[in-house]
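Both ligands and their constituent atoms are indexed starting at 1 by order of listing.
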Amino acid sequence: MYNKEDKILIIGAGGQIGIELAQELSLLYGSSNVIAADLNPIPALDVNPFEKLDVLDKDALLNIVKKHGISQVYLLAALLSATGEQNPMFAWKLNMEGLFNVLDLAKEKHISKVYWPSSIAVFGPTTPGINTPQYTIMEPSTIYGISKQAGERWCEWYYHKFGVDVRSLRYPGLIGWKSAPGGGTTDYAVHIFHQALKNKTYECFLTENTALPMMHMEDAIRATIEIMHAPSEHVKIRSSYNLAGISFTPKQIATEIKKHIPDFTISYNPDFRQAIADSWPKSINEDKTKEDWGWLSKYELSSLVENMLTNLA
Ligand code: NAD
Ligand code: AKB
């Protein structure tokens, strides 16, 4: 299942997902076979080889791939929903050109496999918001969502046209204790734990009843590694697979935190991210994902909260 000959390049390895993914892939392949690339050095990954890389620099990317004999690329460099809305033209450039640069490496046979994450942001206000199916109306209203939706179409096109082995998941909001989130709308669900432990109070930028799909980072990393190691014929969808995770509101997660920290309080002061959250589904259907390559998540809200508080404390 794990080819120890593989050499992996993670682009955007210093981010919320990259740090945890690099650590897990290092356990499987050995840290010397997992090369971490980002704009700046990554202290949390000091056992991995590091390459300073701007993914928009195609020549520099190819040089790194050749230098290390890279066979697989995980492309994580992107602007997320909140930062994307603040800088839409750059978000479009980074999210699209970065993807083209990596897909072209595979098209030109420099590498054999690509992982690129999509997001629940591909859905929009006209999408059925409860138990959102794999195939449905997709009219995203953020630049981030538009770039992810376009990225999905390009991935599928490169697969059909050039046989590029690209695999992708539509992550919900990710919650982990090892790394900090990087500018999304779901970031509140990480910040809340830090503030609960530090100050016993949190001011949330979404309203109390804003339900969103979320997932423990451990589940997300496992899903990523599983889809990348699934037999090719099981990966029938080459745009991106739905992942359901757990759906909850700020009020529900606060109630769960209060079971561990009884004097924890939450207040609500919605900002521009409320409109983004309101445009996204409240819950996701992952039947196709389960059916095609056997995905099963582990965490519920109660176990996620307990795990976060225990580890952060
Ligand atoms: P993040 O913002 O935490 O990390 C992104 C990393 O990319 C950062 O370390 C940044 O320095 C790096 N980067 C930015 N521009 C770069 C460039 N030009 N060249 C090289 N590196 C660059 O993001 P994340 O949360 O780890 O997300 C990774 C991917 O997963 C993104 O595509 C994101 O859209 C997707 N995703 C994340 C979530 C989530 O909840 N975290 C949910 C859905 C999808
Ligand atoms: C964000 O909020 O932008 C991300 C995502 C769900 O894609 N966490």
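- In terms of polar-atom proximity, Asp187 is not counted as a contact of ligand 2, lacking any N or O under 3.5 Å from an N or O of the ligand.
- A donor-acceptor pair shorter than 3.5 Å cannot be found between the side chains of Ser112 and Ser71.
- Geometric assessment of Lys200 against the ring of Phe264 yields a negative cation-pi assignment under the 6.0 Å and 45° thresholds.
- In this structure, Arg273 is positioned above the aromatic face of Phe205, its NZ or CZ under 6.0 Å from the six-membered ring centre and within 45° of the axis.
- Summarising the contacts of atom 8 (N) of ligand 2 with Thr186, Leu212, Leu79, Ile17, the nearest heavy atom is found in Thr186.
- Side-chain N/O atoms of Gln16 and Ser179 include no donor and acceptor closer than 3.5 Å.
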Stepwise side chain to side chain donor-acceptor pair (under 3.5 Å) check, Glu226 with Trp295:
CA-CA 8 Å; Glu226 285 182 14; Trp295 167 244; over 6 Å; no

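- Other residues sharing the hydrophobic cluster of Phe50, ordered by chain and number and joined by side-chain separations under 4.5 Å: Ile19, Ile42, Leu45.
- Proximity of Ser81 to ligand 2, defined as any heavy-atom pair under 4.0 Å, is shared by backbone and side chain alike.
- In summary, Lys67 and Glu51 engage in a salt bridge, as defined by a charged side-chain N under 4.0 Å from a carboxylate O.
- Residue-to-ligand polar distances place Thr185 within reach of ligand 2: an N/O pair is separated by less than 3.5 Å.
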Mind listing the N or O contacts between ligand 1 and protein, cut-off under 3.5 Å?
unit_1	atom_1	unit_2	atom_2	d
ligand 1	3 (O)	Gln16	N	2.8
ligand 1	9 (O)	Gly15	N	3.1
ligand 1	9 (O)	Asp38	OD2	2.6
ligand 1	11 (O)	Asp38	OD1	2.6
ligand 1	18 (N)	Asp54	OD1	2.8
ligand 1	19 (N)	Leu53	O	3.4
ligand 1	19 (N)	Val55	N	2.9
ligand 1	26 (O)	Gln16	N	3.2
ligand 1	26 (O)	Ile17	N	2.9
ligand 1	32 (O)	Lys148	NZ	2.8
ligand 1	34 (O)	Tyr144	OH	2.6
ligand 1	34 (O)	Lys148	NZ	3.1
ligand 1	40 (O)	Leu174	N	2.9
ligand 1	41 (N)	Gln16	OE1	2.8

